[in-house]
Asker: 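A single structure is presented below for examination.
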Amino acid sequence: MKLSDLEKALSPAVIAAREEDREILGVYAGDLLSRAMSHVREGDLWITIMNNRNVLAVAGLADAAAVLLAEGVTLLPDALEAARDNGIAVYSTDKTVYEVCSLLAGYGV
Amino acid sequence: MKAMSEPIRFHFDVDGEDFSSAGGASVIVKKKLRQLGLSPEIIRKVSIAMYEGEINMVIHANGGTADISVDDREITIVLADRGPGIPDIGLAMQEGYSTAKENIRTLGFGAGMGLPNMKKYSDEMQIETEIGVGTTVTMKIRL
Ligand SMILES: Nc1ncnc2c1ncn2[C@@H]1O[C@H](COP(=O)(O)OP(=O)(O)O)[C@@H](O)[C@H]1O
Ligand SMILES: [Mg+2]
């Protein structure tokens with residue numbers, strides 16, 4: 001699944017637009033930064049409800065394909081700036097983490 | 001990667017006031033290592049180890065300094081602070097142990113996985129700490 005396919009499947013709000021249509025190689029769901037730092041692999045979609053700037057530092061360091069904010073969460077202003085500065089795609093959906101994960105599993109991610 | 005005679009060095013002053021920009025030095029180091037053409041595996045190890053150490057200086061020690069050197073054989077990361085020191089390193093190294101306060105936890109920090117991750121993703125780690133004086137963590141990642 002590519003980011004463009006994710007956009008079609010979930011119709012998420014685009015918080016920070018993608019620079020490339022990256023392949024989603026895997027998914028990590030979780031909110032603790034240290035856990036995410038060691039579990040998000042290159043090309044993963046990271047699903048979280050954390051919306052501060054630290055999320056973008058971790059997403060960039062881990063080279064996530066994109067961040068998906070669940071439960072209607074959106075980025076704080078300085079976090080949005082960090083997403084744009086570092087070219088990290090960020091989406092938001094009203095669905096819960098569980099709903100997103102089961103939907104993505106249905107797509108074989 | 002090109003052969004290097006002199007090590008390449010980076011120095012950062014890590015601000016302890018601003019939690020929201022924490023991790024900024026690690027982000028810059030990652031970019032530099034990419035430019036040097038290091039492998040993704042090495043960059044991942046450095047990123048995780050340095051990020052955790054940088055965050056610890058910000059959330060537990062009111063900031064400090066980060067010095068990174070890269071030579072032909074290894075990357076050395078030295079993180080030095082003048083914070084409170086670590087009373088019991090054995091306890092601090094345990095997975096899940098954290099003294100982070102609630103306001104810090106709400107930002108997503110305080111999983112108690114920082115020091116264990118630093119140990120896991122570096123090839124060598126040394127902690128020098130003195131109560132009331134500060135902590136210096138030295139990590140090496142071999143190329
Ligand atoms: N540089 C430091 N100065 C003082 N105390 C520290 C430092 N680094 C770590 N500690 C102590 O060790 C504990 C465990 O650290 P860590 O494993 O990174 O977990 P966390 O940062 O999530 O609390 C911290 O909660 C803190 O009490
Ligand atoms: Mg920590």
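Throughout, a chain's letter reflects where its sequence line sits, starting with A, and its residues are numbered from 1.
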Asker: Can A:Tyr107 be reached from A:Val97 by stepping across I, L, V, M, F, W or Y side chains whose heavy atoms are under 4.5 Å apart?
Answerer: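 Yes; A:Tyr107 is reachable from A:Val97 via cluster members.
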Asker: Picking from B:Ser47, B:Gly114, B:Pro116, B:Gly110, which has the most non-hydrogen pairs under 4.5 angstrom with chain A?
Answerer: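 Of the options given, most contacts go to B:Ser47.
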Asker: If I take atom CG from residue A:Leu33 and atom CD from residue B:Glu52, how far apart are they, to the nearest 0.5 angstrom?
Answerer: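 It comes to 8.5 Å.
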Asker: Checking heavy atoms, do the side chain of B:Lys31, its backbone, both or neither come under 4.5 Å from chain A?
Answerer: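 Contact with chain A is through the side chain of B:Lys31 alone.
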Asker: Look at atom NZ of A:Lys2 and say whether more than 12 heavy atoms of other residues, nucleotides or ligands are closer to it than 6.0 Å.
Answerer: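 Correct, the count exceeds 12.
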Asker: Check whether B:Arg44 reaches the backbone of A:Ser38 with its side chain - one donor and one acceptor, N or O, closer than 3.5 Å.
Answerer: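 Yes, B:Arg44 side chain to A:Ser38 backbone: donor-acceptor pair under 3.5 Å.
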Asker: Is the count of non-hydrogen atoms from other residues, nucleotides or ligands lying under 6.0 Å from B:Arg73 atom CZ greater than 12?
Answerer: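 Counting neighbours around CZ of B:Arg73, 12 or fewer heavy atoms of other residues, nucleotides or ligands fall under 6.0 Å, so no.
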Asker: Hey, quick one: are B:Ile28 and A:Ile88 part of the same hydrophobic cluster, counting side-chain heavy atoms closer than 4.5 Å, chains of contacts allowed?
Answerer: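 Hydrophobic grouping puts B:Ile28 with A:Ile88.
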Asker: Can you name the closest pair of heavy atoms from A:Asn52 and B:Leu107 and give their distance?
Answerer: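 Closest pair (atom of A:Asn52, atom of B:Leu107, distance): ND2-O, 3.0 Å.
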Asker: Take atom CD of A:Glu71 as the centre, draw a 6.0 Å sphere, and report whether it contains more than 12 heavy atoms from other residues, nucleotides or ligands.
Answerer: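 Yes, enclosed.
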Asker: Any non-hydrogen side-chain atom of A:Glu42 less than 4.5 Å from a side-chain atom of B:Ile43?
Answerer: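 A side-chain contact is absent here, since even the closest heavy-atom pair is not under 4.5 Å.
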Asker: Find out if a path of hydrophobic residues (ILVMFWY) with successive side-chain heavy-atom gaps under 4.5 Å connects B:Phe10 to B:Met57.
Answerer: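 Linked, B:Phe10 and B:Met57 end up in one cluster.
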Asker: So do A:Asn54 and B:Phe109 actually touch side chain to side chain, heavy atoms under 4.5 Å?
Answerer: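 A side-chain contact exists here, since the closest heavy-atom pair is under 4.5 Å.
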Asker: Considering only heavy atoms, which portion of A:Asn51 lies under 4.5 Å from any heavy atom of chain B: side chain, backbone, both, or neither?
Answerer: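 No part of A:Asn51 comes within 4.5 Å of chain B.
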Asker: Can you see which heavy atom on B:Thr106 is nearest to which on A:Met50, and at what distance?
Answerer: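 So the minimum-distance heavy-atom pair works out to O-CE, 3.1 Å.
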Asker: Which heavy-atom pair separates B:Ser20 from A:Arg53 by the least distance, and what is that distance?
Answerer: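 The answer is O-CB, 3.4 Å.
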Asker: Taking A:Leu25 as the starting point, is it possible to reach A:Val27 by hopping between hydrophobic residues whose side chains are less than 4.5 Å apart?
Answerer: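 No; A:Leu25 is not reachable from A:Val27 via cluster members.
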Asker: Looking only at non-hydrogen atoms, find the nearest pair between A:Leu61 and B:Lys30 and report the distance.
Answerer: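 Nearest pair, atom of A:Leu61 first, then B:Lys30: O-NZ, 3.2 Å.
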Asker: What part of B:Ser21 gets within 4.5 angstrom of chain A, counting heavy atoms only: side chain, backbone, both, or neither?
Answerer: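 Backbone plus side chain of B:Ser21, per the 4.5 Å heavy-atom cut-off to chain A.
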Asker: Could you look at B:Phe19 and say if it's the side chain, the backbone, both or neither that has a heavy atom under 4.5 Å from chain A?
Answerer: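 For B:Phe19, the backbone is the part near chain A, not the side chain.
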Asker: Please report the closest heavy-atom contact between A:Ala57 and B:Ala22, naming both atoms and the distance.
Answerer: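 Looks like CB-O, 4.2 Å.
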